[in-house]
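Presented below is the structure to which this report refers.
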Protein chains: 2
Amino acid sequence: MNLKNQVEWALHCCAVLSNLPEGRYLSARSLSEFHGVPKEYLGKALQGLSKAGIVHTTLGPSGGYRLALPAGEITFLNVVEAVEGRKSTFQCSEIRANNPCRPGDFCDDKPCAIARVMWKADEAWRQTLAAVSLADLQQTLQQDLPAEILRRSTEWLLDRAG
Amino acid sequence: MNLKNQVEWALHCCAVLSNLPEGRYLSARSLSEFHGVPKEYLGKALQGLSKAGIVHTTLGPSGGYRLALPAGEITFLNVVEAVEGRKSTFQCSEIRANNPCRPGDFCDDKPCAIARVMWKADEAWRQTLAAVSLADLQQTLQQDLPAEILRRSTEWLLDRAG
DNA sequence: CAATCATGGACATGCCATATCCGGATCGGG
DNA sequence: CCCGATCCGGATATGGCATGTCCATGATTG
């Protein structure tokens, strides 16, 4: 029961893109270099963000990625679901139907009681992620990191943004 | 990002064991037959419950499993963690350390801001599961299921309980 | 026209969930 | 006191999926 590596990468990429000036683009190559992860595989995660409408892309030289919405309107949940999918962590295989004491034609009117609890927990998980936006993350990072590193990182980005 | 099949099986087994009279035991063979799942593999999940102290076991003929605590003192979280483990769903690989703008000797004083959000979501998930006990589940099932099926299931169990 | 980029498909690899099987230890009933 | 049933743990297969690489294609910029 692990989230994919790509979820972590996508979130870090979004954090970087949040600091990009309006209208500028950053390539997958630069993003992979900045985070020290394989470029080709990171591209798969970024494609997921693109399909979900979280980022906008441009082709050709000086092309790449930028956020498609203001950072305050993109939540952790949006990013996580774009990469990981929207399936619940709990898959109900309806084993209650295997109960030998059931009439063969019996039809349940509610989902399994166990599944309902597990799905409620998933919902709590999603609500927590939906409550935090990329703007919140940006603010947290500015408090956590020394100004010197922030300054040099921004410089590094602007140097490569098309 | 899926929970194991065994989690579902373990929860259903616990629901059955909740209806067992004090001091009686039910074998892995009966539990697997009742749920229509492979006996050998279900045994692995039950071993997890045993190690976690959730169920008590007895060897020999008429042996098997019973709850080790009152149903009101066993939570969904206990069962899930016994089978699935206690690791967080999000593994932070510290890719922030790969940032080329960081001094090589820089040491973070806090966990990664992204990981903190993801871990908070996991915590909300666990809290939801910790809030529901097997006694709660038992009560829900008695409301959901027709009395006839409940009666026949209980009869089926008592017929096989040692 | 040449270089750079995103996209998507094909392919390889390794790990883990999903089983299955067997031997040993333990216990109940005849 | 023996026989069979049971839990337990280890060894072993197998399939799917996460991880990662490579390449062809089309689009865009300079």
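Every heavy atom of this structure was used, including side-chain atoms; hydrogens, water molecules and symmetry mates were not. So you know, we letter chains A, B, ... as the sequences are listed, proteins then strands, and number each from 1.
- At whole-Å resolution of the value, CG in Leu42(B) and C1' in dT6(D) are 14 Å apart.
- Between Arg29(A) and dT4(C), a side-chain N or O to OP1/OP2 separation shorter than 4.0 Å is absent.
- Each of Gly60(A) and Leu3(A) was matched to the nucleotide of DNA chain D holding its nearest heavy atom; the match closer to the 5' end belongs to Leu3(A).
- Residue Asn5(B) is in sugar-phosphate contact alone, with no base atom involved, counting any heavy-atom pair closer than 4.0 Å across all strands shown.
- Taking only side-chain nitrogens and oxygens, Ser50(B) comes nearer than 4.0 Å to OP1 or OP2 of dC8(D).
- A close approach under 4.0 Å does occur between a side-chain nitrogen or oxygen of Tyr65(A) and OP1 or OP2 of dT7(C).
- Arg126(B) has a carboxylate O that lies under 4.0 Å from a charged side-chain N of Glu123(B), or vice versa, which qualifies the two as a salt bridge.
- Not a single donor-acceptor pair under 3.5 Å links the side chain of Arg66(A) to the backbone N or O of Glu22(A).
- Here the C1' atom of nucleotide dT4(C) and the NZ atom of Lys39(A) are 9 Å apart, to the nearest Å.
- Of the candidate nucleotides dT20(C), dT6(D), dT21(D), dT21(D) has the atom nearest to the side chain of Tyr41(A).
- Seen from the ring of Trp156(B), Arg160(B) counts as a face-on cation partner, given the 6.0 Å and 45° thresholds.
- Spacing between atom CD1 of Ile95(A) and atom C1' of dT18(C) amounts to 15 Å, rounded to whole angstrom units.
- Listed candidates were dG8(C), dC21(C), dT29(D). Nearest to the side chain of Lys51(A) is dG8(C).
- Taking every side-chain heavy atom of Lys4(A) into account, dA18(D) is the closest of dA19(C), dC27(C), dA18(D).
- Across all strands shown, Gly64(B) has heavy atoms under 4.0 Å from sugar-phosphate atoms exclusively, and none from any base.
- Separating the CD atom of Glu8(B) from the C1' atom of dA17(C) is a distance of 14 Å, rounded to the nearest angstrom.
- dC7(D) atom P lies 10 Å from atom CD of Glu40(B), rounded to whole Å.
- Put simply, CG on Asn2(A) is 13 Å from C1' on dC17(D), counting in whole angstrom units.
- Side-chain N/O atoms of Thr57(A) include one lying less than 4.0 angstrom from OP1 or OP2 on dT7(C).
- The residue among Leu59(A) and Leu46(B) whose nearest nucleotide of DNA chain D lies closer to the 5′ end is Leu46(B).
- Rounding to whole angstrom units, CZ of residue Arg24(A) and P of dT29(D) are separated by 15 Å.
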Would you check, one step at a time, whether the test side chain to side chain contact (heavy atoms under 4.5 Å, CB included) holds for Leu145(B) with Arg102(A)? CA-CA 10 Å; Leu145(B) 286 176; Arg102(A) 288 197 168 207; 3.7 Å; yes

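- We find that CE of Met1(B) is positioned 17 Å from P of dC16(C), with the value rounded to whole Å.
- Distance from the side chain of Ser27(B) is smallest to dC7(D) among dC22(D), dC7(D), dA19(C).
- Comparing dC5(C), dT6(D), dG28(C) by their nearest atom to the side chain of Ser62(B) picks out dG28(C).
- Of the possible polar contacts, one joining the Gln138(A) side chain to the Ser18(A) backbone as a donor-acceptor pair under 3.5 Å is found.
- Here dA6(C) is the nucleotide among dG20(D), dG28(C), dA6(C) with the atom lying nearest to any side-chain atom of Ala28(A).
- For Asn78(A) (side chain) and Thr75(A) (main-chain N/O), a donor-acceptor pair under 3.5 Å exists by modelled atom type.
- Of the candidate nucleotides dC5(C), dG9(D), dA17(C), dG9(D) has the atom nearest to the side chain of Gln47(B).
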